Amino acid sequence: MFCALRLLAAGLGCAVVVAAAGPAGGQEADAGHEQTVDLTFPTDPQATYVDSYHDPRSGGRVHRATDLMGDKGWEVYAAVGGSVCGIAGVDGDEPAYGYALVVCGDDGRDYHYLHLNNDTPGSDDGLGGPEHAYAPGVSDGARVERGQRIAWMGDSGNAEASGPHLHFMIEDPAITDPYGSNYLNPYPSLLDAEARNDYVTGGGDTEVVAASQGGQPETVTAAAVDRVAGPDRVGTAVALSRAGFQTARRVVLASAESFPDAVAAGPLAAAVDGPLLTTWRERLDGRVAQEIRRLGATRVTLVGGRLALSQQVESDLVATTGVDADDIQRGAGADAPATAAA
């Protein structure tokens, strides 16, 4: 279907046309191209797919892959452990076939992941660049473990018309497929992974089998990932407080408009066993006042001088939260480093 990415990434072009009318070059196919490979499902379990291995494509080609249809931005995972041995578009423009990578697996097979994301988040602009196609740390020669996030699903290359999906191929030099090449049909292996619930999920209860550096299998548990967020930086701080505290006697309050003050205030909040909240420079946000009341806090430490948090913020605290003026402290310095020291 396409040149090996190790050649494409090096700038060597070629055209590969595989006839759809049976084994090529006089080679006989073996049944190995339908074998089941032990792998982890390479994307979200909600992906839909069918057995399209033999489907015809333009130019007399056949598919020899499985398309996992999903949503742009879905995470793509390493089906097996191995090393990245082909990655496209990192050192130059996105190639015509889109962002794609190959993992040379510990099992001797090569796993191809095509049509990775090429858009900036929330758009269809084709300007996302490799940073929105490949996960951090994924580079040529990098080691990846089974179940590790390696990329994001998209519609780069000629997938724009068909919608976001992962074009997943398995190349095995030990077999010959019906078309005289060495591609397994991924469909049986994906069904097997689905039957075993071999997924990577955010629930923390999915086990994946990863190969260690020495090639010995070991069982690891996928990390649980939760997202806590609000509509803006004030709302996110409130959401974090709600997620972490039922009650709190003390609250630390920093400016949502001063990143250094908020960062420096984190250890103080931990020390007083209370949340770090943020608000706007000129006023106390109503969401923050409501959260302070919910917590039952009776003391508030303001971070920064009155240029960071105005006198009006102090007045609003007294008027809207029930905190006494004598129980409002302020830690401040002449500048951000001095405030951090204070």
Side-chain angles (χ1 to χ4, degrees), residues 1-5 8-9 11 13 15-16 41-53 55-59 61-79 84 86-103 111-140 142 144 147-169 186-187 190 199-202 225-233 235-236:
M1 173 164 182
F2 63 102
C3 300
L5 283 176
L8 287 168
V16 177
F41 201 80
T43 190
D44 192 290
Q46 298 181 78
T48 59
Y49 60 102
V50 297
D51 187 357
S52 58
Y53 182 85
D55 285 4
R57 293 293 188 263
S58 62
R61 298 174 296 122
V62 288
H63 196 216
R64 294 181 302 154
T66 298
D67 287 340
L68 295 151
M69 309 302 295
D71 290 339
K72 189 182 301 182
W74 276 6
E75 294 185 337
V76 174
Y77 310 108
V84 176
I87 185 167
V90 172
D91 298 322
D93 293 337
E94 176 194 344
Y97 53 86
Y99 288 115
L101 61 82
V102 179
V103 172
Y111 294 80
H112 300 245
Y113 307 80
L114 280 76
H115 304 313
L116 304 174
N117 181 56
N118 67 341
D119 299 309
T120 52
S123 79
D124 192 33
D125 59 8
L127 301 176
E131 65 270 24
H132 293 297
Y134 308 114
V138 174
S139 59
D140 192 32
V144 296
Q148 177 181 332
R149 183 184 65 188
I150 55 175
W152 288 276
M153 185 183 292
D155 57 7
S156 62
N158 63 356
E160 187 74 33
S162 57
H165 68 276
L166 173 65
H167 178 99
F168 182 60
M169 304 177 75
Y187 185 72
L190 293 168
Y199 299 118
V200 180
T201 71
V225 179
D226 297 315
R227 185 184 297 273
V228 180
D232 54 26
R233 61 194 69 178
T236 294

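Start at 1 with the first residue, then count along the sequence. Not measured: the values here are computed from a predicted model.
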Mind listing the closest non-hydrogen atom pair of [X] and [Y] along with its distance?
X: P130; Y: G89; value: CG-O, 3.9 Å
X: G147; Y: Y77; value: O-CD2, 3.7 Å
X: S162; Y: H165; value: OG-CE1, 3.3 Å
X: S139; Y: I87; value: CA-CD1, 4.3 Å
X: G98; Y: A88; value: O-CB, 4.1 Å
X: S156; Y: E94; value: CB-OE2, 3.3 Å

Answer whether the closest heavy-atom distance between the side chains of [X] and [Y] falls below 4.5 Å.
X: Y134; Y: V84; answer: no
X: D155; Y: N118; answer: yes
X: N117; Y: V76; answer: no

With P136 via side chain to side chain contact (heavy atoms under 4.5 Å, CB included) - residues at least two apart:
R149, W152
When rounded to the nearest 0.5 angstrom, what is the spacing between [atom1] in [X] and [atom2] in [Y]?
X: L116; Y: I150; atom1: CG; atom2: CD1; result: 7.5 Å
X: D119; Y: H132; atom1: CG; atom2: NE2; result: 9.5 Å
X: D55; Y: R61; atom1: CG; atom2: CZ; result: 12.0 Å
X: W74; Y: T43; atom1: CH2; atom2: OG1; result: 6.5 Å

Exactly one candidate in M153, M69, H115 meets side chain to side chain contact (heavy atoms under 4.5 Å, CB included) with L166; the answer is M153
Can you tell which of L190, V103, V200 makes a side chain to side chain contact (heavy atoms under 4.5 Å, CB included) with P42?
L190
Residue set satisfying ring-ring contact (aromatic ring centres under 6.0 Å, His included) with F168, at least two apart, ordered chain then number -> Y113
Sequence neighbours excluded, the answer for ring-ring contact (aromatic ring centres under 6.0 Å, His included) partners of Y49 is F41, Y187
Hey, do the aromatic rings of H63 and H167 have their centres closer than 6.0 Å?
yes
Selection residues 122-137 - residue pairs positive for salt bridge (charged side-chain N to carboxylate O under 4.0 Å, His left out), sequence neighbours left out
K72-D124
For Y99, give me all partners under side-chain hydrogen bond (donor to acceptor under 3.5 Å, both in side chains), at least two apart in sequence or on another chain.
none
Going by side-chain hydrogen bond (donor to acceptor under 3.5 Å, both in side chains), name the residues that satisfy it together with Y111, two or more places apart in sequence or in a different chain.
D107
